[in-house]
Undergrad: 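Take this structure first; my questions come after.
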Amino acid sequence: MRRTVFNEDHEAFRETLRAFIEAEVVPVYDEWFAAGQAPRDFYYKLGELGIFGINVPEEFGGAGLDSHKFEAVLYEETARAGVQFGGSGVHVLLALPYIKMLATDEQKKRYLPKFVTGEEMWAIAMTEPGTGSDLAGMKTTAKLSEDGTHYVVNGAKTFITGGVHADKVIVCARTSAPTAEDRRFGISLFAVDTKSEGYSVGRKLDKLGLKTSDTAELAFVDVKVPVEDLLGEENKGFYYLGHNLASERWGIAFGAYAQAKAAVRFAKSYVQDRVVFGKPVAHFQNTKFELAACQAEVDAAEAVADRATEALDAGELTPAEAASAKLFCTEVAHRVIDRCLQLHGGYGYMNEYPIARLYADNRVNRIYGGTSEIMKSIIAKDMGL
């Protein structure tokens, strides 16, 4: 079936991005992998390329577009090359929607120009040790000072993608106690400067996959946050978090589909070159059947991912639809990547091969942004069950 989600502008962007990846990322990616993070100056290059400003209004230095399709191209091209852009994904996919939705004009003037250039990298700190997906159970607090000029933040966060290099972090903290009727009440969002006294980065976490993405523990000890850096209204943070979950889950869904598509590409190339028992692995019927089955699953995931992209751009992607897309695409990617690794034999277990890294990178897709079990609960509730 002919694909219709992208137009000429998206394909031109794809060509530029592919050339950039081949020139600036592929030659040094092994170094990033060994170091466990992309270098900070790489984000300036992404800023120069315009990656960070696509959906930022022109008055703040961006392109002024209102579409996720360029992000979709980025997911496809990084997966195709078997690379990641460090922890920069959270900068655009997670942090930017909150800035656009909640920031005042004054805040946007302060935040967005440096956001676009990569001079200030953003992360978002939701998860805490022991809470996992239960965001309503967070313990980090933000108390308003007696003179009303600032909040004092105390607490800890973990699994914070981009946490090592971040210059600004959107921190979720309790400004009021939960009520008996609503334990989600009382959470607020703050734009915290990582140079603030009392703010510290703990361990850079050693993950199974996504090795070039800096993921860290954060600690807040009497961190003063000016009232001018409260995002939105007090105590409405949980509502804001829920509002943007659809776009976050779309990103995970589309990224997973792109990884599955890349896995088939890697496996096809490998089995055509690898010779066993005197002939290429691709000549065996089992190989053909396995790859054909994988391709069929990728085709279905592509259709789901594209449909979700169109709905998101139209402002019509519901939480249940986003959950369904995430559940389907991540489960497909899990199956496809596993089967494609199997076709590599022992070499598929070696990190020098993209399929091995892809296998590890993909595993978290069924966990973060809400586990597959949470997605099923959301879908079931939408079904009236």
Side-chain angles (χ1 to χ4, degrees), residues 35-40 43 84-99 102-103 111 114-115 118-144 150-175 186-232 237-238 240-241 244-245 248 364 367-370:
Q37 62 185 30
R40 178 63 179 84
Y43 299 140
Q84 297 278 337
F85 280 179
S88 65
V90 71
H91 182 69
V92 174
L93 182 64
L94 299 189
L96 183 57
Y98 290 103
I99 299 172
L102 302 176
Y111 301 153
K114 293 180 180 180
F115 179 100
E119 185 177 348
E120 286 187 349
M121 294 299 296
W122 288 65
I124 184 165
M126 300 186 214
T127 306
E128 297 183 1
T131 62
S133 297
D134 182 20
L135 295 179
M138 69 176 62
K139 305 297 184 184
T140 298
T141 60
K143 302 295 185 182
L144 187 63
H150 62 273
Y151 292 86
V152 179
V153 178
N154 284 282
K157 300 289 183 178
T158 192
F159 304 148
I160 309 307
T161 303
V164 175
H165 285 319
D167 302 289
K168 296 277 191 183
V169 178
I170 298 175
V171 177
C172 310
R174 281 207 165 275
T175 43
I187 295 171
S188 301
L189 308 185
F190 300 89
V192 177
D193 191 322
T194 62
K195 295 186 293 294
S196 301
E197 184 177 354
Y199 176 98
S200 62
V201 178
R203 292 185 303 151
K204 180 167 74 69
L205 300 174
D206 184 16
K207 307 184 300 299
L208 171 68
L210 301 178
K211 289 292 189 179
T212 65
S213 172
D214 53 306
T215 302
E217 296 173 329
L218 306 180
F220 309 85
V221 179
D222 294 332
V223 176
K224 293 181 179 179
V225 181
V227 292
E228 292 82 9
D229 286 323
L230 170 68
L231 289 172
F238 199 94
Y240 299 143
L241 295 174
N244 284 327
L245 277 175
E248 178 184 353
V364 75
I367 298 173
Y368 67 2

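Fair warning: this is a prediction, and the values are worked out from it, not measured in the lab.
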Undergrad: If I compare all heavy atoms of T158 with all of P129, which pair ends up nearest, and what's the gap?
TA: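 Closest heavy-atom pair between T158 and P129: CG2-N, 3.7 Å.
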Undergrad: Please report the shortest heavy-atom distance between V225 and A191, naming the atom on each side.
TA: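 Looks like CG1-O, 4.1 Å.
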Undergrad: So, do I187 and R174 sit near enough that their side-chain heavy atoms are less than 4.5 Å apart?
TA: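 Yes, side chains in contact.
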Undergrad: Is it the case that the ring center of Y98 lies less than 6.0 angstrom away from the ring center of W122?
TA: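 No - the distance between ring centres of W122 and Y98 does not fall below the 6.0 Å cut-off.
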Undergrad: According to ring pair (Phe, Tyr, Trp, His ring centres under 6.0 Å), who are the partners of F159, at least two apart in sequence or on a separate chain?
TA: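 Expected list: none.
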Undergrad: Quick one: does any side-chain atom of K207 pair with a main-chain N or O of V364 as donor and acceptor, under 3.5 Å?
TA: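 Side chain of K207 to backbone of V364, a donor-acceptor pair under 3.5 Å: no, none is there.
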Undergrad: Shortest non-hydrogen contact from A125 to V169?
TA: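 Heavy atoms of A125 and V169 come nearest at CB-CG1, 3.7 Å.
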Undergrad: Looking at K204, I'd like to know if its NZ atom is crowded, meaning that more than 12 non-hydrogen atoms belonging to other residues, nucleotides or ligands lie closer than 6.0 Å.
TA: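 Yes, the 6.0 Å shell around NZ holds more than 12 heavy atoms from other groups.
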Undergrad: Which atoms form the tightest heavy-atom contact between I170 and A95, and what is the distance?
TA: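 Residues I170 and A95, closest heavy atoms: CD1-O, 3.8 Å.
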Undergrad: Which atoms form the tightest heavy-atom contact between V153 and A142, and what is the distance?
TA: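 So the minimum-distance heavy-atom pair works out to CG2-CB, 4.0 Å.
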Undergrad: Can you run down the ring-ring contact (aromatic ring centres under 6.0 Å, His included) pairs that involve residues 189-217, sequence neighbours left out, and say none if there aren't any?
TA: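 Checked against ring-ring contact (aromatic ring centres under 6.0 Å, His included) - neighbours excluded - the pairs reaching residues 189-217 are Y151-F190, Y199-F220.
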Undergrad: Considering only heavy atoms from C-beta outward, does the side chain of E217 approach that of I160 to under 4.5 Å?
TA: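 E217 vs I160: side chains apart.
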Undergrad: Apply salt bridge (charged side-chain N to carboxylate O under 4.0 Å, His left out) to D214 and R40, showing your working.
TA: CA-CA 10 Å; D214 53 306; R40 178 63 179 84; over 6 Å; no
Undergrad: Of all the heavy-atom pairs spanning G86 and A38, show the shortest one and how long it is.
TA: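 Shortest heavy-atom separation between G86 and A38 comes out as CA-CB, 3.9 Å.
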Undergrad: To the nearest 0.5 Å, how far apart are CD in E120 and NE2 in H91?
TA: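 The distance works out to 9.0 Å.
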